[in-house]
Amino acid sequence: MKGALSSNTPQDRKTPLFGSRGLSLRWKFPLLLAGLLLCTVGVLSTLVLIGIQSNQKNQIENTLKRQSELIGLTIRQEYLAGNQKDPQQFMKLRATELAGQLGISSNMRIILYDATGQLSGDSLPVAPQVNVKQALTYALKGQIAYITAGSSVIYLSPIQGSDGLLGVVQLHLSIAEQQAFYQDIVHLLLGIGLSVLIISFVVGWLYIRKQTTDIGRLTQETHFISQGQYPPPHTTLFTRKDELGQLGDGIVQMGQMIAQSMNDLENEKQQLEQAVTKLTALEQLQKAFIGNISHELKTPITSIQAYADLLNMYGDDPTLVHEASESIAKETKRLIELIEDSIRLSLLEKYDFELQVTSVPLDKLLQDVAKRTQGKASTSGIDLQVQTVAVTLTTDPKHLMHILLNLLDNAVKYNRSDHGWIHLSNELYDHKTIIRISNSGAIIPEDQWENVFEPYATLSSDRARTGSGTGLGLPLARRLAERLQGKLYIKQSDLSGTEFVLELPL
């Protein structure tokens, strides 16, 4: 810390930070941008070319289909108008003439086949032939077939007459112009894509270069801070107001706050030392807790064992059997309560259970608690009085009910045997509600007020627990009160008795 607070001169802060380590950001970002643009242009160009191909294919198919239909219509008309009714003989006599006429009118090479697949007429007889045997087989079956050979499309279509198949017409359509147009589009897209890629890369590189220069300055500043060289007060790294400018201001503030952070760390060290001391004290409390619970478990077990031995020796004594049964049942109940309260207290301290918070009318809840305790109080000859004020709390009603039932149960249990009383009330004070439970039992000495909230606490003989207590009710009630953001404590009652006070925020 001593070295960290030393001042810095401008010369101290001019050391180069780092050398080259792999590909820098000024290249990564432009390359990434170029890759994205290349992918985008490639996808768009592919879609455009696919669209052009599909459009050209549809136009060619439509053209050939129309021409084949016109040719078929012409041949059928000639066949019906002639005297020769044999389709094969008709094709043999007229195919050559018709092929020439149709070739001139359609501006395409026309080849005619008879119904057996024999060549009957060709508008360009000296032109080289293309092997269309497989496509011709399909056409003779009444199906349309076409193949692409170089820059031409060969289209074969059956010619149907009134008496059946007259033959097959073969059309040759040149697609050289369409192919040339397609190639021109390919070259155009390549040129545009390459130009956009180069321009975008250059613009991106220039922009990123400015950003990476500022990032490098920020990195250098953090290196200085890591070496204990902090920026002087009122230092400004950039004049820019964007995220990098804000980051630069934050780095400057960070450097100026590190010294204070070092002091905070020293304070935390002292707090940790205090925590270690507290942990040592808690270890001692844990040992005492184990001793107390061992004693609490041993007492009822010893009583049960004694009565069990007596029953073995005098099992024929009805009075003893009755007394032993009641005692064993009582001590067993106490053991179960002791174990359940120990588990509940342990879980509450170990786990942070979720509160079921809701709006609670406190006056109604206090009346409900009083009704639940009224029977036990009346049996013990205790007068239970309730005085409530209408208040609505936002809290966990289940936890609050457990606290109040525990306090009232203790008020009945440790009250005097004749003409005892319990007073339950609530009031509003300083944005919180205060619940008071006072009783006419023996007054707890002030030096024992905190001790009663410790598990298995032992008080003076006039306040000692009877066999029905576990010594965990009040500790559990205080833990629950703390979970509800409140507090539970003891004070001297204005009615000459002991008063338990539960404070809860509204």
Side-chain angles (χ1 to χ4, degrees), residues 38 41-76 78 91-92 94-160 165-197:
L38 182 63
V41 172
V43 170
L44 292 176
S45 300
T46 301
L47 293 175
V48 170
L49 293 176
I50 291 175
I52 292 174
Q53 282 184 329
S54 177
N55 183 63
Q56 289 180 342
K57 179 181 177 182
N58 292 334
Q59 289 181 350
I60 291 171
E61 289 180 351
N62 292 333
T63 299
L64 291 172
K65 183 178 180 180
R66 288 194 301 270
Q67 288 296 331
S68 65
E69 291 174 350
L70 291 174
I71 292 172
L73 179 61
T74 302
I75 293 175
R76 282 195 297 272
E78 292 291 334
M91 293 298 292
K92 182 177 181 181
R94 298 295 309 279
T96 302
E97 179 185 354
L98 289 174
Q101 294 175 356
L102 293 172
I104 295 173
S105 63
S106 63
N107 196 27
M108 287 187 290
R109 182 183 181 182
I110 305 297
I111 299 177
L112 297 176
Y113 299 92
D114 61 16
T116 63
Q118 294 296 323
L119 179 64
S120 299
D122 188 349
S123 63
L124 298 175
V126 296
Q129 294 285 344
V130 179
N131 185 7
V132 295
K133 184 177 181 180
Q134 185 176 4
L136 180 60
T137 302
Y138 281 101
L140 291 172
K141 294 178 180 179
Q143 301 176 358
I144 294 175
Y146 64 90
I147 57 177
T148 301
S151 60
S152 297
V153 173
I154 302 174
Y155 187 90
L156 290 94
S157 175
I159 303 173
Q160 299 292 342
L165 183 69
L166 290 176
V168 174
V169 59
Q170 175 180 322
L171 292 81
H172 289 243
L173 177 65
S174 175
I175 57 173
E177 292 184 2
Q178 288 86 345
Q179 290 177 338
F181 174 75
Y182 182 83
Q183 292 299 321
D184 291 341
I185 295 297
V186 170
H187 296 153
L188 179 63
L189 291 176
L190 287 176
I192 294 176
L194 185 61
S195 300
V196 170
L197 186 64

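These values consider heavy atoms only, across backbone and side chains, with no hydrogens, waters or symmetry-generated copies.
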Min side-chain heavy-atom separation Ile60-Leu64 under 4.5 Å: yes

Any donor-acceptor N/O pair, Thr96 side chain to Asp122 backbone, under 3.5 Å: no

Donor-acceptor contact present, side-chain Gln170 to main-chain Leu136, <3.5 Å: no

Pairwise side-chain contact, Leu140 with Tyr113, heavy-atom cut-off 4.5 Å (strictly under): no

Electrostatic pair Arg66-Glu69, nearest N-O below 4.0 angstrom: no

Interatomic distance, Ile154 atom CD1 to Arg109 atom CZ [nearest 0.5 angstrom]: 8.0 Å

CG-CG distance between Leu112 and Leu171, expressed to the nearest 0.5 angstrom: 9.0 Å

Reported CD1-to-OG distance for the pair Ile110 and Ser68, which is rounded to 0.5 angstrom: 9.5 Å

Main-chain N/O of Gln160 paired to Arg76 side chain as donor or acceptor, under 3.5 Å: yes

Approximate separation, where rounding is to 0.5 Å, of Met108 CE and Thr63 OG1: 8.0 Å

CD1-CD1 distance between Ile192 and Ile185, expressed to the nearest 0.5 angstrom: 8.5 Å

Interatomic spacing from CE in Met91 to CG in Leu166 - rounded to 0.5 Å: 7.0 Å

Pairwise side chain to side chain donor-acceptor pair (under 3.5 Å) hits with a residue in residues 51-61, at least two apart: Gln53-Tyr182, Glu61-Tyr146

Over 12 foreign heavy atoms within 6.0 Å of CG, Asn62: yes

Closest contact, heavy atoms only, Ser123 versus Gly103: CB-CA, 4.1 Å

Shortest non-hydrogen separation from Ala145 to Ala135 and the atoms involved: CB-O, 3.8 Å

Thr74 side chain reached by Leu102 side chain, heavy atoms, under 4.5 Å: yes

Side chain proximity check, Ile111 to Gln129, heavy atoms < 4.5 angstrom: yes

Side-chain heavy-atom pair Lys92, Asp114 within 4.5 angstrom cut-off: no

Residue pairs involving residues 170-191 (criterion salt bridge (charged side-chain N to carboxylate O under 4.0 Å, His left out); sequence neighbours excluded): none

